[in-house]
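What's counted below: heavy atoms across the whole structure, side chains too, no hydrogens, waters or symmetry copies.
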Amino acid sequence: MWYPGLVDMPTAEVLPDGHVALTTSMFGATTRNTATFQVLPKLYGTFRYAIVDDFDPGGPQDGTRYDRSFDLHYQITDETLRFPALAVGLRDFGGTGIYSGEYFVGTKSFGSKLRVTGGMGWGRLAQRGSFSNPLGVVADRFDTRPNVAAGGINTTGQLDFGAWFRGPAALFAGVEYQATDRLSFQLEYSSDAYEREQSVGAIDIKSPINLGFNYSYPSGSNLRAFVIGGSEVGLQYSLILNPAKRRAPGGRMQHLSHWCRAIKRCLQTTTFDSRHKRPEWTVP
């Protein structure tokens, strides 16, 4: 559900400079819509709008959480013949904190078909198999992590500097195999246990292993089927665009313009359907 990335875990990869990736995915009680912008050759940012049914039992909007969050991902080094690409990232660093986590990750290609990824995560990415924070040797403050999600929607837009890379850490890993020019397979060990979603019955996680099957179309779009936690089946559609390259009048650029207007409206305000309590995503 993260692009670029494996199934649920990050990789050290980035998009081509100036490109945009738009994705929507559904699994269990969760719907995620993201817009990723490669703002610099080594830096991309992501805006995420997630809808999680039954996330706040007894709360407003029938317990459904409508969550906005932001990510940053910086590639520290490029991959070389001998060494992997390395990257550092922040997830949900300016939202409500339900996806809040940080990571260091490396990705290495072996031949033209196999890519291997391994990394260390904090926060949400340290819910499974966690251990004492290695950064605790630098300063004691890294040993504990404040609850950044405690403030709920009221904390949106606030930067939680005091939580970054703090608290327990955990390892994650994965592989991607490029079977053909169009078809690839992903297998990963996830350090995200979906603790909150499981506690309210919004998802059923039985395994730390996630699987993905991705098909790339010549147009630049991707369709991915995936399995989270051994039981939750999901589907994701991604569209990768280069805004500077218009291929056909009213084609991709019109697509991008519509998406950008929808995202802008989402950032400014969220309008709900009075019957279903779902955001209206109709694009003029």
*Asks:* Answer with yes or no after comparing the ring centroid distance for Tyr189 and Phe172 against a 6.0 Å cut-off, counting only values under it.
*Replies:* no
*Asks:* With a cut-off of under 6.0 Å to the ring centre and 45° to the axis, is Arg32 in cation-pi contact with Phe27?
*Replies:* no
*Asks:* Nearest 0.5 angstrom please: Lys42 NZ to Ile76 CD1, how far?
*Replies:* 9.5 Å
*Asks:* I'd like to check the side-chain contact (heavy atoms from CB on, under 4.5 Å) partners of Leu135; sequence neighbours left out, ordered by chain and number.
*Replies:* Trp122, Asn133, Phe142, Phe165
*Asks:* Would you please classify the geometry between the Tyr215 ring and the Tyr217 ring as parallel, tilted or perpendicular, with 30° and 60° separating the classes?
*Replies:* perpendicular
*Asks:* Quick one: CG on Leu6 to CZ on Arg224, what's the gap to the nearest 0.5 Å?
*Replies:* 7.5 Å
*Asks:* Is the ring centre of Phe185 less than 6.0 Å from the ring centre of Phe213?
*Replies:* yes
*Asks:* Of Ile228, Ile209, Leu187, which is the lone residue that meets side chain to side chain contact (heavy atoms under 4.5 Å, CB included) with Val7?
*Replies:* Ile228
*Asks:* Would you find a donor on one side and an acceptor on the other, under 3.5 Å apart, between the side chain of Arg48 and the backbone of Thr34?
*Replies:* no
*Asks:* Show your working on side-chain hydrogen bond (donor to acceptor under 3.5 Å, both in side chains) between His19 and Tyr44 and close with a plain yes or no.
*Replies:* CA-CA 9 Å; His19 279 56; Tyr44 69 71; over 6 Å; no
*Asks:* Do other residues, nucleotides or ligands put more than 12 heavy atoms under 6.0 Å from the CZ atom of Arg141?
*Replies:* no
*Asks:* Just by distance, do the side chain of Glu13 and the backbone of Gly5 share a donor-acceptor pair under 3.5 Å?
*Replies:* no
*Asks:* Could you list the residues that satisfy side-chain contact (heavy atoms from CB on, under 4.5 Å) with Thr77, not counting sequence neighbours?
*Replies:* Leu86
*Asks:* For the atom pair CG (Leu223) and CG (Leu235), what is the distance rounded to the nearest 0.5 Å?
*Replies:* 5.0 Å
*Asks:* Between CD of Gln38 and CG of Asn242, what distance do you get to the nearest 0.5 Å?
*Replies:* 11.5 Å
